[in-house]
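Everything on this sheet refers to the single structure shown next.
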Amino acid sequence: MKFYDLNLRGQNFENDLALVREANKFGWDYLNLNYSYTDFEDSIQYLDDLNDELSKIDFRETYRNKKTNFEHAKVSMGINILNANSNEIRKIINKYRDKSNYISCLGGDLKINRSVCESYRIDVLSRPYYKRRDSGMNHVLAKEAARNNVAIELCFRDILNNYLRYRANVISSFKEILMFHRKFKFPLILTTDSKSLYDVRSTRDILTFFKSIGFTDKEIYNGFYYYPKQIFDFNKERENMIVRGVKVIDGANDFTETYDKLGSDFEEFDGFDFEDIGDDLIDDDFEQLDDELIDDIGDENYMEDDL
């Protein structure tokens, strides 16, 4: 199984290189750096340099865990829309849709959540629960997300960097969104939202957490591999789309040749063994997560994550 993390916070070349190096050492196979739309065009200029520098690293000499995946991660860049209203989102999409293979929008406001779920031109609604006491989702939004194939993103950083009652609210939101996903079948992706080296965790740590709150093996597989790969594969074909749902297929000789005959790159899910995933070094802080949650729920104070 391969692991895609579609939400790393892009900043500059030096910080981005350090971030993807650390994430690659912890077992991630595909890393997507997100920028604001104002910084995206400048950052895309050093994407090739970033991949070149990453390919020069010999992880066998720099990392202590022999179980680590030593293949170099693939790196891409996307746009994350922050603090924009519906009209501004529409303008940004019109300008950048053909320039980026990944566009997400930060949720939290119900108007924004609905606007994103109703737009098939946006790939991901990120953190619909942001700064809310509920999940930010309901059956109407879930139906729209499924109809327009808009993925909902759950970020592990909201658990890692928050405490007390706010952390308990986020876990509750994760479970509610998972319930909607099981009923309405919209895409659900899982990310780390890593901003610095201190946010990076191994694939095994992340998997263990999501499994502990009720995700099945297949849902974890879909969230870290199937749905993320589906987003990028679909966007690569946008230029071949005649109308929505109809595209030109290279290599098809007549109308009898279907897409199914051309094969698929997706691996069939047949379960996986947690012992073989990532490294076997679990941080002491993560091992104490359950105890912290029990103590936090009874506390009256809580902290909120910054943008």
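The figures here come from the full heavy-atom set of this structure, side chains too, leaving out hydrogens, waters and symmetry mates.
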Open item on the list: Suppose we call two aromatic rings close when their centres sit under 6.0 Å apart. Are Phe224 and Tyr4 close by that rule?
Closed with: no

- [ ] Using only heavy-atom distances, determine whether the side chains of Arg121 and Asn94 contain a donor-acceptor pair under 3.5 Å.
- [x] yes

- [ ] Give a yes or no on whether a salt bridge exists between Arg147 and Glu118, defined as a side-chain N under 4.0 angstrom from a carboxylate O.
- [x] no

Task: Any donor-acceptor N or O pair under 3.5 Å, side chains Asn24, Arg21 - done: no

Task: Sequence neighbours excluded - ring-ring contact (aromatic ring centres under 6.0 Å, His included) pairs with any residue from residues 82-102 - done: Tyr102-Phe232

- [ ] Output yes when Asp217 and Lys211 qualify as a salt bridge under the 4.0 Å nitrogen-oxygen rule, no when they do not.
- [x] yes

Open item on the list: Looking at Asp109 and Lys111, is there a salt bridge between them, counting it only when a charged N and a carboxylate O are closer than 4.0 Å?
Closed with: no

Open item on the list: Run the ring-ring contact (aromatic ring centres under 6.0 Å, His included) test against Phe40 and tell me which residues pass, sequence neighbours left out.
Closed with: none

Open item on the list: Can you list everything that forms a side chain to side chain donor-acceptor pair (under 3.5 Å) with Ser76? Sequence neighbours excluded, please.
Closed with: Tyr30, Asn32

TODO: Run the salt-bridge test on Asp193 and Arg127 with the 4.0 Å N-O cut-off and return the result as yes or no.
DONE: yes

Open item on the list: Once ring-ring contact (aromatic ring centres under 6.0 Å, His included) is applied, do any residues pair with Phe184, and if so which ones, sequence neighbours excluded?
Closed with: none

Open item on the list: Quick test of your reading of the model: are Lys195 and Asp199 salt-bridged, counting only N-O distances below 4.0 Å?
Closed with: no

Open item on the list: I'd like to check Leu178 versus Phe215 (side-chain heavy atoms, cut-off strictly below 4.5 Å). Are they in contact?
Closed with: yes

Task: Test item: Leu154 and Ile177 side chains (from C-beta on) under 4.5 Å apart, heavy atoms - done: yes

- [ ] Answer yes or no: is there a side-chain heavy-atom contact under 4.5 Å between Gln45 and Ser43?
- [x] no

Open item on the list: List the residues meeting salt bridge (charged side-chain N to carboxylate O under 4.0 Å, His left out) with Arg97, not counting sequence neighbours, and say none if there are none.
Closed with: Asp123

Open item on the list: So Thr203 and Trp28, do their side chains get closer than 4.5 Å, heavy atoms only?
Closed with: yes

Under 3.5 Å, which donor-acceptor pairs do the side chains of residues 49-57 form with other protein atoms, sequence neighbours left out?
residue	atom	partner	partner atom	Å
Asn51	ND2	Leu47	O	3.2
Ser55	OG	Asn51	O	3.4
Ser55	OG	Asp52	O	2.7

